[in-house]
Amino acid sequence: MTTKYQAIKGVKDILPAEIEKWQFMEKTAREVFELYGFSEIRIPIFERTEVFTRSIGETTDIVEKEMYTFSDRSGDSLTLRPEGTASVVRAYVEHNLYNPSSVAKLYYMGPMFRCERPQAGRYRQFYQIGAEVFGTENPEIDADVIGMLMRYFERLGLKELELQINSLGCDECRPKFREALIEFLKGKRSLLCEDCQKRFERNPLRIFDCKSTNCHEATKGSPTIENYRCEGCKSHFDSTLSYLDRLNIQYAKNPKLVRGLDYYTKTAFEIVSKGLGSQNAIAGGGRYDKLVEEFGGPPTPAFGFAIGMDRTAQLIQPSALSLHASAPHVFIAALGERADLKAFELINVLRQNGIRGERDYEGSSLKSQLRKANKFGVKYTLIIGDKELDKGKAILRDMSSAQQDEADMERIVEIMTKKLRER
RNA sequence: GUGAGCGUAGCUCAACUGGUUAGAGCACUGGACUGUGGCUCCAGAGGUUGGGGGUUCGAGACCCCUCGCUCACCCCA
């Protein structure tokens, strides 16, 4: 047991039994996103460490303690991507993808890496599908992209999702709010829990969503972001909400919603699901109007989100999957060496004609081979032994009716093609 | 990083307060049926009870250490 290799903690294999869900998520994402004019971009699994520290923020949990960082042979510090937006922005700027006359819409999917303690719905290698729009501040885009996301989840058959939305303000109004909050909490600092003591320094906004009742009490009567938003942010948020209304998208305003990445401005949102344990956000995102500029590009407002595939997969009902028959069409049972050789050739001829064949490779008894055929769930089995070979025939057995006929070996492909078309 | 729970056959789980040779279902292999599946019946194979140490006449069970898994905190997708 102890010498058997195991996948690393927090990392798992996605086995054939569940792969259909994953292909379904990927296929549906491509369909829906492309309907909205998005193109796929494939970004590297790792980047220079600064790409992430700059964008995500030096004092965030991700950067401080969750990144897989290592030096390559030349001594450069590299990091396995903990999220996708930073790389997309880097690529956008690097390849001058900005086009002043239109927006750029990109999506990506793949694994991300964060070295956290694993938990239900949280892995060290986890999978995200993300989308980003560059080049407009228009709140129509905020609503439109959230609409696309909701449509995607609808296509997956997910129910009982809640969209929570907030506006974090911009670099004009957020610092003012932050100041006011620090001022308000200063005197109450000793009332805060240990975690919130730290948050006070780093990210006082987070104290809002602490579960400790003391901290909850301490924030009573405190200033809220709602009163501090500047005119621009206020109207942007109001417009976003009104566009959501026009799309008939339900939402819950959550002024306490704070995201863990520093780059967000204005709109921030999460989609949460019941029945997922405590890691209940299946998607999250928002606007980041300053990031492109910080990466050396022209001032370019942007909006994006990421979907947690592992969590989403848990919510997909088996009934939502189009059960494509994975069973082979025909099983070839061979008896003896001559027949085995014939079967070896025949199965390949069948495959060349689009017929999926399976066999037994152990030289088992006919009984055992038929048992196997049954397990594969094939409609037909071809039985070949010396007797049949001598006659140039094969026995064609219908597995559901148990009826058998002899079939000319030369006409097998033709006969099977016809039979399978009949079903 | 902190806390709690759990590790018994390939899988799901039994084994009363510590007491014979650790069981069952599913799955697997073979037979009943010398070249004919599903259903049934019979048989077989499969275990260092995660690992190490200790207590005891006796440990799967109790104690310690260790490894692993899970859940929660934190944080996020």
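Lettering of chains follows the sequences in order, A, B, ..., and the numbering in each one begins at 1.
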What distance, rounded to whole Å, do you find between the two [atom1] atoms, one in [N] and one in [M]?
N	M	atom1	value
B:rA27	B:rG10	C1'	8 Å
B:rC74	B:rC28	P	46 Å
B:rC11	B:rG3	C1'	31 Å
B:rG7	B:rA14	C1'	16 Å
B:rG46	B:rA9	P	15 Å
B:rU56	B:rU17	C1'	16 Å
B:rA4	B:rU8	C1'	22 Å
B:rC26	B:rA45	C1'	16 Å

Looking only at non-hydrogen atoms, find the nearest pair between [X] and [Y] and report the distance.
X	Y	result
A:A313	A:K21	O-NZ, 3.2 Å
A:T312	A:G308	OG1-O, 2.7 Å
A:I225	A:P255	CG2-O, 3.9 Å

Have a look at [X] and say if it touches a base, only the backbone sugar-phosphate, or nothing, with a 4.0 Å heavy-atom cut-off.
X	result
A:A373	nothing
A:A333	nothing
A:G121	base
A:R122	base

A:F46 vs A:F70 aromatic rings, parallel, tilted or perpendicular, using cut-offs 30° and 60°? tilted

Once you measure the plane-to-plane angle for A:Y92 and A:F134, does it fall in the parallel (<30°), tilted (30-60°) or perpendicular (>60°) bin?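 The rings of A:Y92 and A:F134 lie parallel, inter-plane angle below 30°.
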
Provide, to the nearest angstrom, the distance between the [atom1] atom belonging to [X] and the [atom2] atom belonging to [N].
X	N	atom1	atom2	result
A:L257	B:rC75	CG	P	13 Å
A:R124	B:rU70	CZ	P	11 Å
A:N280	B:rA72	CG	C1'	14 Å
A:K65	B:rU2	NZ	P	12 Å
A:K372	B:rC28	NZ	C1'	11 Å
A:Y123	B:rC69	OH	C1'	12 Å
A:D13	B:rC69	CG	P	13 Å
A:Q119	B:rC74	CD	C1'	9 Å

Nearest to the side chain of [X], heavy atoms from C-beta on, is which of [options]?
X	options	value
A:F126	B:rC75, B:rA77, B:rU2	B:rA77
A:D61	B:rC74, B:rA72, B:rG37	B:rC74
A:A402	B:rA77, B:rG37, B:rC73	B:rG37

Once pairs are restricted to Watson-Crick or G-U wobble with both distances under 3.5 Å, how does RNA chain B read as a dot-bracket string, [ ] for crossings and | for other-strand pairs? (((((((..((((.....[...)))).(((((.......))))).....(((((..]....))))))))))))....

Is any side-chain N of the basic residue among A:K391 and A:E406 closer than 4.0 Å to the acidic one's carboxylate O? yes

Can the positive tip of A:K12 be found less than 6.0 Å from the middle of the six-membered ring of A:Y123, inside 45° of the ring normal? yes

Should A:Y127 be counted as stacked on B:rA77, where stacking needs a ring-centre gap under 5.5 Å and an angle between planes under 30 degrees?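 A:Y127 ring does not meet the centre or angle cut-off for B:rA77; no stack.
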
Can you give me the N/O atom pairs linking the protein to nucleotides 30-36 of chain B at distances under 3.5 Å, or say none if there are none?
| residue | atom | partner | partner atom | Å |
| --- | --- | --- | --- | --- |
| B:rC33 | O2 | A:K367 | NZ | 3.4 |
| B:rG35 | O6 | A:K387 | N | 3.4 |
| B:rG35 | N1 | A:E388 | OE1 | 2.9 |
| B:rG35 | N1 | A:E388 | OE2 | 3.2 |
| B:rG35 | N2 | A:E388 | OE2 | 3.1 |
| B:rU36 | O2 | A:R397 | NH1 | 2.7 |
| B:rU36 | O2 | A:Q404 | OE1 | 2.8 |
| B:rU36 | N3 | A:Q404 | OE1 | 2.8 |
| B:rU36 | N3 | A:Q404 | NE2 | 3.3 |

Closer to the 5' end of RNA chain B via nearest nucleotide, is it A:M309 or A:G277?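 Its nearest nucleotide being more 5', the pick is A:G277.
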
Given that A:G10 and A:R259 both sit by RNA chain B, which one's nearest nucleotide is further toward the 5' end?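 Its nearest nucleotide lies further toward 5', so the answer is A:G10.
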
So, do A:K274 and A:N280 sit near enough that their side-chain heavy atoms are less than 4.5 Å apart? no

Heavy-atom side-chain contact between A:Q279 and A:R311 under 4.5 Å: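 Heavy-atom side-chain distance check passes, below 4.5 Å.
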
Just N and O in the side chain of A:K375: are any of them under 4.0 Å from OP1 or OP2 of B:rA27? no

Please list, chain by chain and in numerical order, all residues satisfying side-chain contact (heavy atoms from CB on, under 4.5 Å) with A:K367, sequence neighbours excluded.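 Residues passing side-chain contact (heavy atoms from CB on, under 4.5 Å) with A:K367: A:S365, A:R371.
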
So, under a plain 3.5 Å distance rule, would you say the side chain of A:Q6 forms a donor-acceptor pair with the base of B:rC67? no

Looking at A:V272, is its backbone amide N or carbonyl O close enough to the side chain of A:E162 to form a donor-acceptor pair, meaning the two atoms are under 3.5 Å apart? no

Sub-3.5 Å donor-acceptor pair from the side chain of A:Y98 to the main-chain atoms of A:A104, do we have one?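 It does not hold such a pair.
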
